[in-house]
Number of protein chains: 2
Amino acid sequence: MYNIENSIGFLLSKAYQRAWAIMREEIEPYDLTPPQFALLSFLWQQDGMTQVELSEKGQIDRSTIGGLIDRLERNGLLERRQHPQDRRAHKIYLTEHGKEMEETLTACAGRSLQRITAGLSENELKELRRMLEILRGERRVYEIPSC
Amino acid sequence: MYNIENSIGFLLSKAYQRAWAIMREEIEPYDLTPPQFALLSFLWQQDGMTQVELSEKGQIDRSTIGGLIDRLERNGLLERRQHPQDRRAHKIYLTEHGKEMEETLTACAGRSLQRITAGLSENELKELRRMLEILRGERRVYEIPSC
DNA sequence: TTGACATTGACAGCACACTGACTATCTGTA
DNA sequence: TACAGATAGTCAGTGTGCTGTCAATGTCAA
């Protein structure tokens, strides 16, 4: 008989939901959600990407990115600027406030990780990362554009 | 520097998205989504639960269950019946069609599992299940009601 | 130069997950 | 018995993620 409780998809969804909820608790005071945090963290690594570039780097759908940017822009963490060469595109830049939040939010992420993975050893965590990377599958590699 | 790519939450979300998409592909011909399949599979195990019982068994929010049941009812896979003792509650029953689909959909789930975990050995898969159970955290155990 | 095709971002529509509020009903206790 | 508090289910609102469509713009070959 089929047992959904053993299904990898089911377990992934429950583990993901718990991770999401814990992260959400940690960053709630700053009015952010986990996907918003993830988008910010890509910008801390490299500022000024277009929406399509962010979409590829973060493996997030183009239309989802649009909404995330809307909300982060409304909260004053980033801004859309016209692309100097391509009038179709926007470049997304952190505001001063967005840059300042890096340290605080990174600390929140650290606490979340601690709480989520409290039941796993350092080695198990490494193993888990490796296996999740495999499940994640091949992904497009983002190249920093030359322009 | 903080690297989101190593974050367990981020990896979980991407692995989950891929698993969801693959499962979705397999069951698309039957007009179902992965959460709908999960709900059905709980009913194959035990028919006639209330929405709250399904919610606890599946770790799905009460209000989310409502929508899932709406859609499955609309597609003729299950039906709400009045609870004989409790006029607030509904008991959820599979229709004949819902029962008939078990074999077909279980086969889809098998193919999905194959595709999702193609890069992992049997042992790794076991290890992954164990670790995801730990991440999932404590969960309320569902007791079959005596009534 | 023009016309075909691709790309970017906006938008609408759907599923789903959560919160919090609400109604109807049940239950335990005074 | 009456009432306070608990419980079942719904609804509205928000956020996320997908598909599909559209207008504006860019690119390239004829």
Side-chain angles (χ1 to χ4, degrees), chain A residues 9-10 12-25 27-28 30-40 49-56 58-75 80-92 145 147, chain B residues 9-10 12-25 27-28 31-39 49-75 80-92 140 145 147:
Chain A
F10 182 76
L12 277 173
S13 83
K14 297 311 163 192
Y16 170 59
Q17 274 170 30
R18 176 153 171 271
W20 204 97
I22 289 176
M23 182 69 182
R24 179 66 220 254
E25 254 181 59
I27 57 181
E28 179 126 55
Y30 312 102
D31 255 324
L32 287 172
T33 61
Q36 289 170 22
F37 169 82
L39 185 52
L40 285 180
M49 284 186 276
T50 65
Q51 296 188 193
V52 166
E53 285 162 357
L54 274 169
S55 157
E56 287 172 0
Q59 283 185 293
I60 304 171
D61 193 81
R62 266 189 309 144
S63 58
T64 302
I65 284 278
L68 286 173
I69 291 174
D70 283 347
R71 288 179 285 277
L72 287 168
E73 191 168 30
R74 204 187 307 141
N75 288 341
R80 286 176 166 97
R81 294 192 206 150
Q82 278 224 337
H83 193 291
Q85 281 87 39
D86 190 337
R87 274 187 298 161
R88 294 169 309 176
H90 297 137
K91 298 187 97 179
I92 310 301
C147 67
Chain B
F10 181 77
L12 277 172
S13 84
K14 297 312 164 192
Y16 170 58
Q17 272 171 31
R18 176 153 171 272
W20 204 97
I22 288 175
M23 182 69 182
R24 178 67 221 254
E25 253 181 60
I27 58 181
E28 179 126 55
D31 256 325
L32 288 171
T33 61
Q36 288 170 23
F37 168 82
L39 186 52
M49 283 186 276
T50 65
Q51 295 188 196
V52 165
E53 286 162 357
L54 274 168
S55 159
E56 287 171 0
K57 198 170 170 68
Q59 283 185 294
I60 305 170
D61 192 81
R62 265 186 312 145
S63 56
T64 303
I65 285 277
L68 286 172
I69 290 174
D70 283 347
R71 288 180 284 277
L72 287 168
E73 191 168 30
R74 205 186 306 140
N75 288 340
R80 287 176 166 96
R81 294 192 206 152
Q82 278 225 336
H83 194 291
Q85 281 86 40
D86 189 338
R87 274 187 299 162
R88 296 169 307 177
H90 299 136
K91 298 187 96 177
I92 310 301
R140 279 155 301 181
C147 68

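Note that the coordinates shown come from a computational prediction; the quantities given were computed from them, not determined experimentally. We name chains A, B, ... by the order of the sequence lines, and we start the count at 1 in each one. Only this structure's heavy atoms are used, side chains among them; waters, hydrogens and symmetry mates stay out.
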* Asked: Could you state the CD-P distance from A:Glu25 to C:dC18, rounded to the nearest angstrom?
  -> 13 Å
* Between D:dC18 (P) and A:Ile65 (CD1): distance, integer Å -> 10 Å
* **CG on B:Leu68 to CD on B:Gln36, rounded to 0.5 Å** => 6.0 Å
* Asked: Is the phosphate of D:dT10, meaning OP1 or OP2, less than 4.0 Å from a side-chain N or O of B:Arg80?
  -> yes
* CG of A:Leu32 versus P of D:dT14: gap in Å, rounded? -> 17 Å
* Of B:Gln51 and A:Arg71, whose nearest nucleotide on DNA chain D comes first from the 5' end? -> B:Gln51
* Please state how far atom NZ in B:Lys14 lies from atom P in D:dC18, giving the value in whole angstrom units. => 7 Å
* For A:Arg62 and for A:Arg74, locate the closest nucleotide of DNA chain D by heavy-atom distance; then report the residue assigned to the nucleotide nearer the 5' terminus. => A:Arg74
* Decide yes or no, distance alone: a donor-acceptor N/O pair under 3.5 angstrom between the base of C:dT19 and the side-chain of B:Ser63. => yes
* To do: Would you mind telling me which of C:dC18, D:dT10, C:dG9 lies closest to the side-chain atoms of B:Thr64?
  => C:dC18
* **Residue pair A:Ala89 / A:Thr50: nearest heavy atoms and the distance that separates them** => CB-CG2, 4.2 Å
* **A:Asp70 vs B:Pro34, nearer the 5' end of DNA chain C by closest nucleotide** => A:Asp70
* Structure fact -> Between B:Asp31 and B:Asn75 the two heavy atoms that sit nearest each other are O-ND2, 3.7 Å
* Tell me, please, which residues at least two apart from A:Phe37 pass ring-ring contact (aromatic ring centres under 6.0 Å, His included). => A:Trp44, B:Tyr2
* Asked: Quick one: does A:Lys14's side chain have a donor or acceptor within less than 3.5 Å of a partner on B:Gly58's backbone?
  -> yes
* Closest listed nucleotide, where the reference is the side chain of B:Ala89 and the choices are D:dG9, C:dA17, C:dA10 -> D:dG9
* **Protein-nucleotide distance (A:Ile27, atom CD1; D:dG15, atom P), rounded to Å** => 13 Å
Give me, pair by pair, the N or O atoms of the protein and of nucleotides 26-28 of chain D that are less than 3.5 Å apart, along with how far apart they are.
unit_1, atom_1, unit_2, atom_2, d
D:dG26, OP1, A:Arg87, N, 3.1
D:dG26, OP2, A:Arg87, NH2, 3.4

* Among the nucleotides D:dG17, C:dC18, C:dG9, which one has an atom lying closest to any side-chain atom of B:Asp61? -> C:dC18
* Does A:Gln17 put a side-chain nitrogen or oxygen below 4.0 Å from OP1 or OP2 of C:dC18? -> yes
* To do: Quickly work out the B:Met49 CE to D:dA8 C1' distance and round it to whole Å.
  => 16 Å
* **Considering all heavy atoms, the nearest B:Arg24-B:Leu32 contact** => NE-O, 3.1 Å
* **Shortest non-hydrogen contact between A:Gln51 and A:Gly66, atoms and distance** => NE2-CA, 4.2 Å
* For A:Ala19 and B:Leu12, work out which heavy atoms get closest and say how close. => CB-CD1, 3.9 Å
* How long is the line joining NE2 of B:His83 and C1' of D:dT7, in whole Å? -> 12 Å
* Asked: Quick one: B:Leu68 CG to D:dT10 C1', roughly how many Å, whole number?
  -> 15 Å
* For D:dG17, does OP1 or OP2 lie under 4.0 Å from any side-chain N or O of A:Gln59? -> no
